[in-house]
2 protein chains.
Amino acid sequence: MHEPEHLKSAGLKSTLPRLKVLSLFETSKERHLSAEEVFKLLLASGDDVGLATVYRVLTQFEQAGLLMRHHFEGGKSVFELNHGVHHDHIVCLQCGHVEEFYDSGIEARQKKAAAERGFTVHDHSLHIYADCNKPKCPNKIKS
Amino acid sequence: MHEPEHLKSAGLKSTLPRLKVLSLFETSKERHLSAEEVFKLLLASGDDVGLATVYRVLTQFEQAGLLMRHHFEGGKSVFELNHGVHHDHIVCLQCGHVEEFYDSGIEARQKKAAAERGFTVHDHSLHIYADCNKPKCPNKIKS
DNA sequence: TATACAAATGATAATCATTCTCATTTGCAA
DNA sequence: TTGCAAATGAGAATGATTATCATTTGTATA
Ligand SMILES: [Mn+2]
Ligand SMILES: [Mn+2]
Ligand SMILES: [Zn+2]
Ligand SMILES: [Zn+2]
């Protein structure tokens, strides 16, 4: 029961919808969730939160540094709890499974490439799109 | 005047809108263009092509391998002529300027990261978001 | 604890990029 | 030239996200 403090320290007041969304990310089996998925999971668990509120809260949490937003292919934003450690993503094109990885060599070479060209890096996104080849992976893109 | 053959060999018949779009990419000062930009540039040059046709043609050219599509931040697809050599992008958050780079070390480490996890790579996208620090860069995001 | 009110919510309208529909036009093969 | 499948263009439809605004709620204060 530390969520209210999380919100407080982020300058957000502790409301029911915000607690529900945060709690969902902390307990969900899926680490990376879209707004639509958050909305549906809350509905399914009997917690009614308006879709507009879901979008608002996700954006607020992102700005507060509680969540990170990613733009995978498919047009919809995906969010995950910000555990403070940067990582990149491998996304399975068949089942949508997301695996995280970190390669300090890649990170270093990115910085170098940008610096050599006079750029000041703010941020980067690296997504590898692939087949996961897991036994449970269906050969069909999940809707 | 070799465009018609390009289209023919791609299995697309040589129509006026398609020739105009292809020619625009071959002559434009900007290498990376969104659908909206293509549409407006054609209008400005007196070549009227419907917006729906622009979208259709861009997608067809992408499928034919003539263009590559990228998803930079900002929600709209960006296209460029496919010159056959893979590269990644550094995008200036202030002026939208795009610079290309290629780092074989990064490429190799990506393949390795995916392989180690049992993935079969289809594709990847690496975008570095930064300030270009060029003298001509305005401190404002261009609309 | 009751009250007051700014902040938050939720239903719904609006927006934006993109795709779809369908009547009309066009490239091109015969 | 003609015939016609393929392509086009105007506008409707879609899907994700944001804006509006009347109503509700968290919380500071009396
Ligand atoms: Mn992640
Ligand atoms: Mn490029
Ligand atoms: Zn999979
Ligand atoms: Zn710049």
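B/Y55 and B/L16 fall into different hydrophobic clusters, defined by Ile, Leu, Val, Met, Phe, Trp and Tyr side-chain heavy atoms under 4.5 Å apart, directly or through other members.
Closest approach to the B/K13 side chain among D/dA7, D/dT18, D/dG9 is made by D/dA7 (side chain taken as heavy atoms from C-beta onward). If you check C/dA11, D/dT8, C/dT18 against the side chain of B/A35, the one that comes closest is C/dT18. The listed nucleotides are D/dT8, C/dG10, D/dT17; the one nearest the side chain of A/S77 is D/dT17. Of the candidate nucleotides D/dT17, C/dA17, D/dT8, D/dT8 has the atom lying nearest to any side-chain atom of B/P17. Side-chain atoms of A/V57 lie closest to C/dT9 of the nucleotides C/dT9, D/dT8, C/dT19.
Rounded to an integer number of Å, the gap from B/R18 CZ to C/dC28 C1' is 13 Å. As a whole-Å value, the separation of B/F79 CZ from C/dA17 P is 14 Å. Distance A/Q60 CD to D/dA19 P: 12 Å, rounded to the nearest Å. Rounded to whole Å, atom P of C/dT9 lies 12 Å from atom CG of A/L42. Residue B/D48 contributes atom CG, which lies 13 Å from atom C1' of D/dT8 at whole-angstrom precision. If you measure from atom CG of B/L16 to atom C1' of C/dG27, you get 10 Å, rounded to the nearest angstrom. Computed from coordinates, the A/E37 CD to D/dT17 C1' distance equals 16 Å when rounded to whole Å. Counting to the nearest Å, the P atom of D/dT25 and the CG atom of A/L7 are 18 Å from each other.
Using cut-offs of 30° and 60° on the angle between ring planes, the pair B/H86 and B/Y102 is perpendicular. Ring geometry, B/F72 versus B/H32: the interplanar angle falls from 30° to 60°, so the pair is classed tilted.
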Checklist line | Test salt bridge (charged side-chain N to carboxylate O under 4.0 Å, His left out) applied to B/E107 and B/K111, step by step | finding: CA-CA 6 Å; B/E107 302 290 325; B/K111 280 200 191 67; 5.1 Å; no
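Checked by distance alone, A/R56 brings a side-chain donor or acceptor within 3.5 Å of a matching partner on the base of C/dG10.
Between B/E73 and B/H127, the side chains place no donor N or O within less than 3.5 Å of an acceptor N or O (distance only, hydrogens not considered).
The phosphate of C/dT18 (OP1 or OP2) has a side-chain N or O of B/Y55 nearer than 4.0 angstrom. The phosphate of D/dG26 (OP1 or OP2) has no side-chain N or O of A/T15 nearer than 4.0 angstrom.
Heavy atoms of other residues, nucleotides or ligands lying less than 6.0 angstrom from NZ of B/K40 number 12 at most.
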Return the polar atom pairs (N/O with N/O) between nucleotides 11-15 of chain D and the protein under 3.5 Å, or none.
none

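Ring to ring, A/H89 and A/H70 are close: their centroids are under 6.0 angstrom apart.
With the nearest nucleotide of DNA chain C identified for both B/S34 and A/V49, A/V49 has the one nearer the 5' end.
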